[in-house]
Amino acid sequence: MTNTTPIHKVTSRKLDMVYVKRDDLYPITGGGNKGRKAKYILEKCTSDGCNAVVTCGGIQSNHARATAIRCKELGLECSIVIHAESKEKSSGNLKLLELLGVRIVYCEMKDVAAVMDAEMLRWSSLGYSPFYIWGGGHCYEGTLAYFDAVKELKEQTNIQFEAVFVASGTGATQAGLHCGFKHYFPDAQVYGISVAREKQRGYEAVKKSVAEFIGYKNLDISYLDDINFDDSANCGGYEQTNAELLSLIESVATSSGIILDPTYTGKAWLGMENYIKNQVVRSDAKILFWHTGGLLNLMA
Ligand SMILES: *Cc1c(COP(=O)(O)O)cnc(C)c1O
């Protein structure tokens, strides 16, 4: 079985045409970039000989859902530490976590690290070898998954992409794509569109991931150049939306059948349209929108 996701040509709204890399269709329930990352991260976990996982996330975390599903596929124990102010009704990703029957521990944001440490100790004391995964799957394997995803793209098409847009949160996905495009499509420019962080903090995080990655992989130091992190479409922060964003999601769905979500991919698409509107990127350029998923965020 192959995990290769399709590339679709999409004509929508004011855009002439863009290509869409459909990682929303990545083969895991709910799809998305966290599925691609989780595959790599849990391969590391099992190759390290571990048999329980501890990770964390918000109540609608795609990372938590993808990790929980993979753990069940692989027969691993799993603790998900959720930082939430109050327990919400079961919907979206949370509903799937409950259905999967993984261990869910709620706590305040400030206590996440301590509660995760306690979960690690709990599995050890029960005789397991636990494996720790940072929130969002922010780690080398997560970045590697996206470096390799560009290799997948290269094997799939001869198109010489010029501009690539992706929703950027912790920055691991962007860092992997950035290095991957530098390596496999050196003429392409990757634009990370912030879903939350302001420019400086987001840029530093991507740069740190890129620096670590080129260190591990012995890649060219020039890959540190041209990191683009744009915060102009973040709509005020994580899970914040506005009327423009919601109407864009509707109009993209209506005109193309592509389903975006208000937390991640809608913002990335909005950012992409702004780059074209402001003529930073030509509308007739070979543009790739890397769709990272988010369906369950839309449904929550
Ligand atoms: C987590 C997430 C992102 C951001 O990925 P990072 O690697 O954290 O930058 C983008 N889109 C979706 C749908 C996500 O769940």
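Sequential numbering from 1 along the given sequence is applied to the chain's residues.
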Q: Decide if atom CD1 of Ile221 counts as having more than 12 heavy atoms of other residues, nucleotides or ligands within a radius under 6.0 Å.
A: no
Q: So do Ser256 and Thr11 actually touch side chain to side chain, heavy atoms under 4.5 Å?
A: no
Q: Does one side chain, of Arg36 or Asn33, offer a donor that lies under 3.5 Å from an acceptor on the other?
A: no
Q: Nearest 0.5 Å, what's the OH-CD distance between Tyr146 and Glu152?
A: 9.0 Å
Q: Any side-chain heavy atom of Val53 sitting closer than 4.5 Å to one from Val102?
A: no
Q: If hydrophobic clusters are built from ILVMFWY residues whose side chains come within less than 4.5 Å, do Ile258 and Ile287 share one?
A: yes
Q: Picking from Val252, Ile249, Ile193, what satisfies side chain to side chain contact (heavy atoms under 4.5 Å, CB included) with Trp269?
A: Val252
Q: Identify the two heavy atoms, one from Leu245 and one from Cys235, that lie closest to each other, and give their separation to 0.1 Å.
A: CD2-SG, 4.0 Å
Q: Please name the pair of heavy atoms, one in Leu97 and one in Ala68, separated by the smallest distance, quoted to 0.1 Å.
A: CD2-CB, 3.6 Å
Q: Any ion pair linking Glu73 and Arg70 (charged N to carboxylate O, less than 4.0 Å)?
A: yes
Q: Apply salt bridge (Lys or Arg N to Asp or Glu O under 4.0 Å) to residues Glu204 and Lys207 and explain how you reach the verdict.
A: CA-CA 5 Å; Glu204 294 297 340; Lys207 190 172 171 196; 5.2 Å; no
Q: Can you give me the closest heavy-atom contact between Asn234 and Arg197, atom names plus distance?
A: ND2-O, 3.8 Å
Q: Find the distance between CG (Asn242) and OG (Ser247) and round it off to the nearest 0.5 Å.
A: 9.0 Å
Q: Show me the pairs that pass ring-ring contact (aromatic ring centres under 6.0 Å, His included) and involve residues 147-177, at least two apart or across chains.
A: Tyr19-Phe161, Phe147-His183, Phe147-Tyr184, Phe147-Phe213, Phe161-Phe185, Phe165-Tyr191, Phe165-Tyr275
Q: Verify the neighbour count for atom OH of Tyr238: are there more than 12 heavy atoms of other residues, nucleotides or ligands below 6.0 Å?
A: yes
Q: I need the Glu119 CD to Cys78 SG distance, nearest 0.5 Å.
A: 10.0 Å
Q: Regarding Ser194 and Lys199, do their side chains bring together a donor and an acceptor under 3.5 Å, going by distance alone?
A: no
Q: Supply the atom-to-atom distance Ile227 CD1 to Lys208 NZ, rounded to the nearest 0.5 angstrom.
A: 13.0 Å
Q: Where is the tightest heavy-atom contact between Glu77 and Cys71, given as atom of each residue plus distance?
A: O-SG, 4.1 Å
Q: So does Arg201 have more than 12 non-hydrogen atoms from other groups sitting under 6.0 Å from CZ?
A: no
Q: Are the side chains of Leu42 and Ile133 in contact, using a 4.5 Å heavy-atom criterion?
A: yes
Q: Could you check if a side-chain atom of Asp117 sits within less than 4.5 angstrom of a side-chain atom of Tyr132, using non-hydrogen atoms only?
A: yes
Q: Indicate yes or no: at least one non-hydrogen side-chain atom of Tyr140 is less than 4.5 angstrom from one of Thr143.
A: no
Q: Going only through I, L, V, M, F, W and Y residues with side-chain contacts under 4.5 Å, is there a path from Tyr40 to Leu74?
A: no
Q: Starting at CD of Glu141, measure out to OG of Ser47 and round the result to the nearest 0.5 Å.
A: 8.5 Å
Q: Got His8 and Arg22 here, is their nearest side-chain heavy-atom distance under 4.5 Å?
A: yes
Q: Would a 4.5 Å heavy-atom cut-off, applied to side chains only, mark Lys21 and Ile7 as touching?
A: yes
Q: Look at atom CD of Glu250 and say whether more than 12 heavy atoms of other residues, nucleotides or ligands are closer to it than 6.0 Å.
A: no
Q: Quick check: do Trp290 and Leu153 have side-chain heavy atoms less than 4.5 Å from each other?
A: yes
Q: Kindly compute the distance separating CZ (Arg103) from CH2 (Trp123), expressed to the nearest 0.5 Å.
A: 6.5 Å
Q: For the residue pair Thr241 and Pro262, what are the closest heavy atoms and their distance?
A: CG2-CB, 3.7 Å
Q: Which atom pair, heavy atoms only, marks the closest approach of Pro130 to Cys50?
A: O-SG, 3.8 Å
